[in-house]
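All remarks here apply to the structure that follows.
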Amino acid sequence: MALVLGLGLGLLALGPGLRRGFLLSYDMVFVPREPFTATMFGQAGGPPRAVPSDAVLAAASRVVQADIAQKLVLLSIFVLACSGVVALLGREHWLARWAAGVFYAWNPFVAERLIVGQWALLLGYAGLPWVLRAVTSDSVASWRGVRRLGLALLPAAVGGFAAMAVSALVVVPATVLAARRRPASATMVALAALAVGSLPWLIPSVLHPVYAGPSGVAAFAARADTPFGTLGSLLMLGGIWNAQTVPTAYGGAWSGLWLALVAFAAGGYVALAARQRRWPGLGVAAVAGLVIASIGVTAPGRALLQAAIGRWAGFAVLRDGQQFVAPLALAEAVGLGLAVTWAMRCGVSARPAGPAQPDRRAQPARPDRPGLAIGVAVLLAPVLLLPGLAWGAAGRLHPAWYPAGWLAAARMIDESRAPGDVLLLPWAAYRRPAWNGGNAMLDPWPRLLSRRVIWNDGPRVGDVQLAPDDPRARRLDGVIRSTGPLTAALAASGVRFVIVDSGGPAGPRLAGCVTVIAWPGLVVCQLPEHRKTART
């Protein structure tokens with residue numbers, strides 16, 4: 001039944017977005033048939049953010065249509081998240097378990113990360129309850145425990161580095177505190193499982209040094225999206241850095257009711273779960289995640305993180321600190337379930353055995369009407385208090401099809417015998433094409449083409465423009481931002497095609513290029529072959 005409940009939440013959240021077509025929102029970019037390229041496996045020089053998630057989706061698109069595969073993945077997030085929490089609370093009343101499952105699958109964290117398009121992170125988030133269950137219910141050092149932990153970590157392994165980092169924040173303290181027998185062996189097994197799941201993105205990170213600009217610390221710091229400040233917003237599972245992704249109707253005075261629900265849930269965890277020593281390590285992970293999420297809030301914290309990134313670029317995963325409130329969401333969810341059980345038991349009616357049946361065992365206690373009313377109210381509260389997640393995130397997630405001209409242009413560029421790379425203009429990471437309803441989306445050309453694509457993959461956050469991550473893009477950044485001609489510099493860098501997908505003309509800066517495609521919203525230019533002059 002928990003699977004059906006999770007599926008129902010997914011259907012309600014996506015709504016009309018379940019029609020055929022692609023849901024394209026910020027970082028969530030799916031294409032009809034993504035080619036297998038070196039970039040997909042992190043071998044092109046940029047950070048392996050989409051490793052191995054892009055490869056998994058590309059393989060799935062060979063089995064089912066890519067837009068259908070996308071909807072299945074998004075629905076699985078709600079199913080895994082809801083059913084996982086229900087499984088953790090197996091001893092509680094079904095109404096309490098369902099209330100906790102709904103809370104974990106329907107909250108500001110899920111809404112904001114879904115709108116910003118970080119489905120891979122949400123996949124790891126959905127697997128957290130199963131990960132916690134695996135490390136607290138079995139001996140991880142046994143073969144059965146290893147299999148359960150490996151299976152539970154599979155969603156995070158598909159999600160990539162951010163999903164695995166969040167999972168590690170739960171796995172390590174939970175394993176250390178929950179292992180009664182052979183704690184050292186259990187910890188080593190858990191660390192090994194995390195390492196194996198991280199290999200797809202860890203190996204290319206070692207082979208190709210990752211660049212992380214210091215300006216990203218302030219840009220990706222958590223921010224207040226409610227009247228209760230940044231810390232209050234984080235406790236309420238919001239506070240994402242992108243103000244444009246806050247769910248509709250969330251953040252005003254109405255959010256005070258959500259704060260009350262969160263306080264009820266947190267109180268349930270502290271008073272009941274911690275006292276009963278259930279799910280050891282979860283409280284540690286929740287507090288640690290909240291601390292990490294708060295690093296960028298203060299100037300000293302930002303300076304400390306900038307210094308850490310300067311020493312090792314891997315610390316850049318901590319820039320977007322709000323993603324680490326995921327363990328707090330899990331702690332609040334199970335706390336809410338226990339609090340609902342407690343509230344329902346405050347008024348319990350038991351059926352005494354009748355005088356004619358002295359040997360019959362008493363019927364199990366059951367909640368009375370006020371108790372059931374409390375359970376139902378808490379069950380419905382997340383959906384009622386956060387309507388901005390419902391029905392395609394209040395219309396933000398709607399299906400769109402790539403124009404036929406774009407797909408034809410991609411085939412033409414890939415099939416051309418002219419060697420060379422592709423450069424994308426305008427020199428920005430995100431687009432707002434009319435065929436996607438004017439909604440922001442990451443430029444899809446790096447996923448549409450099998451050729452190597454050079455583009456400005458450094459996003460602009462407010463007034464802060466981050467430098468490109470790709471080293472080749474950084475080398476060309478100054479030339480492209482200048483006002484001089486581009487043709488010679490681009491040709492010398494191995495560029496053969498330039499795609500201008502904003503609808504504007506190629507312009508005089510590309511003098512000498514041949515326009516091979518000129519359609520509304522799309523211009524493709526071919527550069528002349530670069531010829532090196534011999535030195536005398």
Side-chain angles (χ1 to χ4, degrees), residues 26-28 42 46-51 53 108-109 112-113 115-122 124-125 156 159-169 198 201-202 204-205 208-225 230-231 233-234 237-246 285 288-329 428-430 440 442 456-471 473-474:
Y26 289 94
D27 295 348
M28 184 159 55
R49 289 195 184 96
V51 179
S53 54
F109 182 89
E112 292 177 348
R113 293 293 168 172
I115 294 172
V116 84
Q118 295 180 353
W119 64 270
L121 172 64
L122 286 177
Y125 169 88
F161 76 103
M164 286 299 295
V166 171
S167 299
L169 189 60
S198 301
W201 58 267
L202 192 59
S205 298
H208 305 281
V210 177
Y211 171 80
S215 58
V217 173
F220 291 115
R223 49 170 294 280
D225 54 10
T230 303
L231 183 58
S233 299
L234 290 172
L237 308 180
I240 194 171
W241 51 270
N242 190 338
Q244 304 301 317
T245 62
V246 177
L290 184 60
V291 171
I292 294 174
S294 305
I295 290 178
V297 175
T298 63
R302 290 192 292 270
L304 176 64
L305 187 52
Q306 286 175 349
I309 293 174
R311 291 184 174 273
W312 182 52
F315 285 116
V317 71
L318 303 179
R319 295 185 307 182
D320 186 2
Q322 191 263 354
Q323 63 188 349
F324 288 95
V325 301
L328 177 63
Y430 292 92
L442 204 64
N456 183 4
D457 53 355
R460 183 180 184 88
V461 183
D463 297 329
V464 180
Q465 175 62 57
L466 303 184
D469 294 322
D470 189 342
R474 287 199 302 275

In Å, rounded to the nearest 0.5 Å, how long is the span from CD of Gln323 to CG of Leu318? 8.5 Å
Compare every heavy atom of Ala429 with every heavy atom of Pro459, then report the nearest pair and how far apart it is. CA-CB, 4.2 Å
Exercise: identify the closest heavy-atom pair between Val317 and Ala162: CG2-CA, 4.5 Å
Using modelled atom types only, decide if a donor and an acceptor are shared between the side chain of Gln322 and the backbone of Phe109 within a distance under 3.5 Å. no
Donor-acceptor pair, Arg474 side chain versus Pro468 backbone, under 3.5 Å? yes
Rounded to the nearest 0.5 Å, what separation is found between the CG atom of Asn242 and the OH atom of Tyr26? 5.0 Å
Could you check whether any side-chain heavy atom of Arg113 comes within less than 4.5 Å of a side-chain heavy atom of Tyr125, counting everything from C-beta outward? no
Give the minimum heavy-atom separation between Val166 and Pro327, together with the two atoms involved. CG1-CD, 4.2 Å
Phe324: ring-ring contact (aromatic ring centres under 6.0 Å, His included) partners, not counting sequence neighbours: none
Set out, in order, the CA-CA distance, both residues' side-chain angles and the distance that settles side-chain contact (heavy atoms from CB on, under 4.5 Å) for Leu202 and Met164, then state yes or no. CA-CA 11 Å; Leu202 192 59; Met164 286 299 295; over 6 Å; no
Answer yes or no: is there a side-chain heavy-atom contact under 4.5 Å between Arg223 and Val246? yes
For the residue pair Phe161 and Pro48, what are the closest heavy atoms and their distance? CD2-O, 4.1 Å
Shortest non-hydrogen separation from Val51 to Trp201 and the atoms involved: O-CB, 3.8 Å
Any side-chain donor paired with an acceptor under 3.5 Å for Asn456 and Tyr430? no
Point-to-point distance, once rounded to the nearest 0.5 Å, from CD of Gln118 to CD1 of Ile240: 6.0 Å
Give every donor-acceptor pair under 3.5 Å between a side-chain atom in residues 289-305 and any protein atom, sequence neighbours left out.
from   : atom 1 : to     : atom 2 : distance (Å)
Ser294 : OG     : Leu290 : O      : 2.8
Thr298 : OG1    : Gly301 : N      : 3.2
Arg302 : NH1    : Gly296 : O      : 2.9
Arg302 : NH1    : Val297 : O      : 3.2

Could you tell me whether the side chain of Ser233 and the main chain of Asp225 form a donor-acceptor pair under 3.5 Å? yes
Quick one: closest heavy-atom pair of Leu237 and Val325, and the distance? CD2-O, 4.2 Å
May I ask you to say whether Asp469 pairs ionically with Arg49, meaning some side-chain N is under 4.0 Å from a carboxylate O? yes
